[in-house]
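Working notes for the structure below.
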Amino acid sequence: MSDLQAKDLHTGYGRVEIVSGVSISAALGQVTCIFGPNGSGKSTLLKAVAGAQPTWRGDVVYRDTSIRDQPTEERILGGIATMPQGGSVFADLSVDENLRIGGHTIRDRTQLRQRVAEIYDRFPALAKKRRARGSDLSGGQQMLVSVGQLLMTDPQFLLLDEPSAGLAPSVVKEVFQMLRELKEAGKGILMVEQNVRDALQIADQIYILVQGKLVYHAPRADIPDLKTLMKVYMQV
Ligand SMILES: Nc1ncnc2c1ncn2[C@@H]1O[C@H](COP(=O)(O)OP(=O)(O)OP(=O)(O)O)[C@@H](O)[C@H]1O
Ligand SMILES: [Mg+2]
């Protein structure tokens, strides 16, 4: 079953093609990981799926319908929320304000308040910090706010660009545990990661992107351990 797909997707910047004919599938209730070296086009691919980057050729399909020409806002309303690389926390705004920005597509004020309350229920550590500014939060707390911003619209799919970047190992474990819980709650997670070791713990599907092309795809079940995957990685 695949609920969100890129099909033979081409995109780039200016006249330079960065992603060349990539097809990936992500399903609800699963974590789909895209690995690859720096500069291989992972973020560019994720942006095209999110609608933040135009698809030059090929298609982006969500529940059997092309969303290739949908702007990001419409994709959010349709259930696809995205965290860009580096997160999406505004340093000068409070946690409360940051969460509300995540819910900017929600028109009903009562619903907006309810959603913020739900995020605090889910992440009690944030409830204590609701008036703290983004810049006063730890890296782990900022990641919680970033994910909280996505959850404001109650999305089906979360697109995450390197959720573990810059976090201490113990915090990475917590973040990945949170992602595991989201997948167990039925959300689909499509994420780019450099931290292959920890991401493997929660991944269901693995893709490797090198120089804008897919060089490997396997279900997690076909990969016995990190060593095997790293061997593949070294050969590509
Ligand atoms: N806005 C942009 N304008 C022009 N070129 C860009 C832009 N963003 C990225 N690139 C180029 O596209 C290529 C792929 O970048 P991208 O950020 O997609 O790679 P990545 O795999 O996410 O890398 P990293 O692991 O460092 O995050 C790189 O050569 C980069 O310099
Ligand atoms: Mg990137």
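Nothing fancy with the numbering, it's 1 onward along the sequence. Counting convention: from 1, in listed order, for ligands and their atoms alike. Side chains included, hydrogens not; waters and symmetry mates left out as well; all remaining heavy atoms used.
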Heavy-atom protein contact below 4.0 Å for atom 30 (C) of ligand 1: no
Within 2.8 Å of the Mg ion (ligand 2), is there any N, O or S atom belonging to Asn38? no
Leu190 reachable from Ile18 in the ILVMFWY side-chain graph, under 4.5 Å edges: yes
Does the N or O separation between Lys47 and ligand 1 drop below 3.5 Å for any pair? no
Distance-only, no hydrogens or angles: does the Glu74 side chain make a donor-acceptor pair with backbone N or O of Pro71 under 3.5 Å? no
Gly12 to ligand 1, any heavy atom closer than 4.0 Å: no
Can you list the atoms of ligand 1 that are under 4.0 Å from a heavy atom of Ser43? 17 (O), 18 (O), 20 (P), 22 (O), 27 (O)
Polar-atom distance check: Gly41 versus ligand 1, any N or O pair below 3.5 Å? yes
Which residue and atom name correspond to the protein heavy atom nearest atom 9 (C) of ligand 1, and how close is it? Tyr13 CE1, 3.4 Å
Between the main-chain N or O of Gly51 and the side-chain N or O of Thr72, is there a donor-acceptor pair closer than 3.5 Å? yes
Linked, directly or transitively: Phe176 and Phe157 (ILVMFWY side chains, under 4.5 Å): no
Ignoring hydrogens, what is the shortest heavy-atom contact between Val49 and Ala6? Give both atom names and the distance. CG2-CB, 4.4 Å
Starting from atom 23 (O) of ligand 1, what is the nearest protein heavy atom, named by residue and atom, and what distance separates them? Gly39 N, 2.8 Å
Is there a heavy atom in Gly36 that sits closer than 4.0 Å to ligand 1? no
Atom 12 (O) of ligand 1: which protein heavy atom is closest, and how many Å away? Ile18 CD1, 3.4 Å
Which atoms from ligand 1 have a heavy atom of Thr44 less than 4.0 Å away? 15 (O), 16 (P), 18 (O)
So, is Gln85 placed with an N/O/S atom under 2.8 Å from the Mg ion (ligand 2), counting both backbone and side chain? yes
